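The model shown is predicted, which means the values in this text are computed figures rather than measured ones.
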Amino acid sequence: MITTKKILAAAVPILAMLAALALVAVTGFSQRSAVPEAFEPWIYGYFITRYPLFAFALVYGIAHLVAVAAGPGPASVPRRILFGAAGATILALVGLYPTFGGLILRGGFATGGMAFLTHQPLWLAYGLGAGVAAAIFGGILGLFALLANRPLRPRLRRIGAGTLAFLALWFGACVIGLAGDLGLGPWPHRAFRPAEAGLAALLLIVATLPHAALTTLRRLRREA
């Protein structure tokens with residue numbers, strides 16, 4: 001039976017992502033804000049201006065791993081803490097090192113760029129780039145969710161579930177990458193305006209809801 005508690009638990013990653021967006025919007029944080037010099041590599045640069053919503057997708061991914069580690073499952077407390085924390089840390093590093101976007105956006109951008117330079121259609125090059133970014137992001141999520149709080153026995157049906165999760169993240173990567181074309185304002189060049197923050201929230205929900213729904217349905221089936 002689906003209860004309010006289960007719905008709220010499933011919504012934790014999306015709520016955390018939207019809370020981060022609300023904080024940025026309310027405080028007016030942007031490249032015009034004063035930040036310590038050490039943080040400047042994550043505030044300025046090509047990738048944050050081209051794919052700004054990736055910052056909030058990282059929050060979603062980290063919150064997802066925390067929710068998995070803290071949720072129902074067979075793992076011991078030390079295992080949950082160790083692999084949940086390791087997964088969140090590695091996702092942040094891969095998404096932010098050496099600067100914003102990390103290996104995730106750089107891998108996707110390089111793949112899409114090379115495809116375009118070899119005269120592939122723009123839509124195909126974009127899709128390939130988004131797929132590589134989703135594969136890196138989703139690979140980290142899937143591996144550490146498994147290590148943190150899933151049965152370690154191999155199961156064939158996990159292949160199908162993993163494929164569906166990848167497709168959901170691929171869709172999300174495409175939505176996030178098209179945010180500028182869909183009308184999102186120039187954040188982080190300047191602060192979000194209310195309408196821009198609302199559009200950003202809508203795009204983030206559309207991007208992450210399929211993955212959140214899939215992982216929730218899988219968890220509910222295990223608990224049934």
Do [X] and [Y] make a side-chain contact, defined as non-hydrogen atoms from C-beta onward lying under 4.5 Å apart?
X	Y	answer
W187	L21	no
F54	L58	yes
P13	T208	no
F171	V175	yes
L141	L65	yes
L199	L182	no
I14	M17	yes

Report yes or no: does [X] contribute a side-chain atom to a donor-acceptor pair with the main-chain N or O of [Y] at less than 3.5 Å?
X	Y	result
R150	G73	no
R50	G177	yes
N149	R80	no

For residues 101-109, which side-chain N or O atoms pair as donor and acceptor with protein atoms under 3.5 Å away, sequence neighbours left out?
residue : atom : partner : partner atom : Å
R106    : NH1  : F100    : O            : 3.3
R106    : NH1  : G102    : O            : 3.3
R106    : NH2  : T99     : OG1          : 2.4

Original post:
Restricting to pairs with a member in residues 31-43, which pass salt bridge (Lys or Arg N to Asp or Glu O under 4.0 Å), not counting sequence neighbours?
Top reply: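 Those involving residues 31-43 do not exist here.
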
Subject >> Pairs touching residues 148-169 that satisfy ring-ring contact (aromatic ring centres under 6.0 Å, His included), sequence neighbours left out >> reply: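 Residue pairs passing ring-ring contact (aromatic ring centres under 6.0 Å, His included), neighbours aside: F166-W170.
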
Original post:
Taking only residues at least two apart or on different chains, which pairs with a member in residues 112-151 satisfy ring-ring contact (aromatic ring centres under 6.0 Å, His included)?
Top reply: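 Not a single pair qualifies under ring-ring contact (aromatic ring centres under 6.0 Å, His included).
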
Subject >> CA sep, side-chain torsions, deciding dist, call: F56, I176, side chain to side chain contact (heavy atoms under 4.5 Å, CB included) >> reply: CA-CA 10 Å; F56 307 104; I176 286 173; over 6 Å; no

**OP:** Report, as yes or no, whether the 6.0 Å neighbourhood of atom OH on Y46 holds more than 12 heavy atoms from other residues, nucleotides or ligands.
**Re:**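 Yes - once you tally the heavy atoms of other residues, nucleotides and ligands closer than 6.0 Å, there are more than 12.
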
**OP:** Verify the neighbour count for atom CZ of R193: are there more than 12 heavy atoms of other residues, nucleotides or ligands below 6.0 Å?
**Re:**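 Atom CZ in R193 is not packed in, count stays at 12 or less.
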
**OP:** Just say parallel, tilted or perpendicular for the rings of H211 and H64, cut-offs at 30° and 60°.
**Re:**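 It falls in the perpendicular class, over 60°.
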
**OP:** Tell me, please, which residues at least two apart from R190 pass salt bridge (charged side-chain N to carboxylate O under 4.0 Å, His left out).
**Re:**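 With sequence neighbours excluded, R190 shows a salt bridge (charged side-chain N to carboxylate O under 4.0 Å, His left out) to E196, given in chain and number order.
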
Subject >> Pairing residues for Q31 by the side-chain hydrogen bond (donor to acceptor under 3.5 Å, both in side chains) criterion, not counting sequence neighbours >> reply: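 Q31: side-chain hydrogen bond (donor to acceptor under 3.5 Å, both in side chains) contacts with H189.
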
